[in-house]
Amino acid sequence: MIVTLTGASGLIGRSLCADLRAAGHQLRLLGRRAGPPDGWQWDALGEPPPAAALDGADAVIHLSGEPIAQRWTAKTWQRIVASRVEGTRRMVEAMAAMAKRPVVFICASATGIYGDRRDEILTESSAPGAGAVARLCQDWEREARRAETPDTRVVLLRTGLVLTPDGGALGRMLPAFRLGLGGALGDGRQWMSWIHLRDMVRLIGFALEHPDVHGPLNGTAPEPVTNREFTRTLAATLRRPAVLPVPRPALRLLFGEMAGILTGSQRAQPDVALRHGFSFEFGTLAPALREMFE
Ligand SMILES: NC(=O)c1ccc[n+]([C@@H]2O[C@H](COP(=O)([O-])OP(=O)(O)OC[C@H]3O[C@@H](n4cnc5c(N)ncnc54)[C@H](OP(=O)(O)O)[C@@H]3O)[C@@H](O)[C@H]2O)c1
């Protein structure tokens, strides 16, 4: 297939590109620093994507967005929202102008759409939650859904916490844990819906190639864990102690509004993936972490 991809330089995108190329797909990359021979420059905060990057594409995978894991000032939050909501709108408008539309549009979203739900089990059929991130994800998904036509299916990747030692949330936690200073966040009872990077990339490939997969798709392992359990398992894997919990007020001081993401609870289940026969290489946390660190 010819696949047009945004966010190819990101945490998920880098691995995804390698997998898609290995599977024989031809890639066209859109990014702020992309360029010839197989790339086009595009900033989700600016102009619509160039038609040449889309013409003839069988699939479009749209992953770009200003990083969420940073202190939210009015300005950074505006970029977080605009790069996703307006960026997706521009992409969908450009797709609508294609002579022949792609058969599938796969767009990033996040389990943050469910809000803070304590112990409730959340599947793709669960209602969205409350809060700024949940609203952002709903607006983002609404724009993505506009790409749906009888010829184009839309997949909304409700991604959980993607685990790799090379970056993302785990990459940021590692220095403290390696020093034996890792601890639960808040009361540690919040559920973390994690997924090994390798499974996330495999799941996107699965969604690309399975014509019956459409709509929301939880990108999370079948066995989410509480933050306390996560902390214990990570510390044990690294053979380091886990120290005192980091209290909520300290988190707020350190991370501002973003602290809500660290203490919010989402116990997501990948119902759609499992129903369509996707098999996770890493269904439980301990083997996933062992694969990374042992
Ligand atoms: N990783 C996770 O745990 C996780 C969890 C839930 C949801 N997601 C979502 O999944 C998508 C991909 O995740 P990721 O971790 O691979 O993201 P990432 O590493 O932060 O990369 C996303 C890409 O977005 C582009 N980008 C960054 N800032 C931008 C801006 N201001 N305007 C336009 N483009 C910008 C960059 O590409 P260029 O520089 O090439 O343009 C970057 O490579 C994101 O939308 C993210 O929100 C990720």
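When reading the values below, keep in mind they use all heavy atoms of this one structure, side chains included, and skip hydrogens, waters and symmetry mates. Indexing begins at 1, ligand by ligand and atom by atom, following the structure's order.
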Ion pair present between Glu141 and Arg158, side-chain N to carboxylate O less than 4.0 angstrom? yes
Judging by distance only, is a nitrogen or oxygen of Gly10 under 3.5 angstrom from one on ligand 1? yes
Look only at the side chain of Arg172 and the backbone of Ala69, and say whether a donor-acceptor pair between them is shorter than 3.5 Å. yes
For ligand 1, is there an N or O atom under 3.5 Å from any N or O atom of Leu30? no
Looking at ligand 1, is there an atom of it that comes within less than 4.0 Å of some heavy atom belonging to Ala169? no
Classify the contact between Ala44 and ligand 1 as side chain, backbone, both or neither, using a heavy-atom distance cut-off of under 4.0 Å. both
So is Arg84 close enough to ligand 1, meaning a heavy atom under 4.0 angstrom away? yes
Flag the pair Glu86 and Arg90 as a salt bridge only when some basic side-chain nitrogen lies within less than 4.0 angstrom of an acidic carboxylate oxygen. yes
Evaluate Trp140 for polar contact with ligand 1, using N/O atom pairs at a separation under 3.5 Å. no
For ligand 1, which is the ligand I care about here, please tell me if Arg32 has any N or O atom under 3.5 Å from one of the ligand's N or O atoms. yes
Within the 4.0 Å heavy-atom cut-off, what Thr111 brings close to ligand 1 is neither
Evaluate Ser9 for polar contact with ligand 1, using N/O atom pairs at a separation under 3.5 Å. yes
Return a yes/no value for Leu45: is any of its N or O atoms, backbone included, closer than 3.5 angstrom to an N or O of ligand 1? no
Pair Glu291, His196: side-chain N/O donor-acceptor within cut-off below 3.5 Å: yes
Identify which of Ser109, Gly46, Ala34, Gly65 has a heavy atom lying nearest to atom 9 (C) of ligand 1. Ser109
For Ala108, which part has a heavy atom under 4.0 Å from ligand 1: side chain, backbone, both, or neither? side chain
Please determine whether any non-hydrogen atom of Pro67 lies less than 4.0 Å from an atom of ligand 1. yes
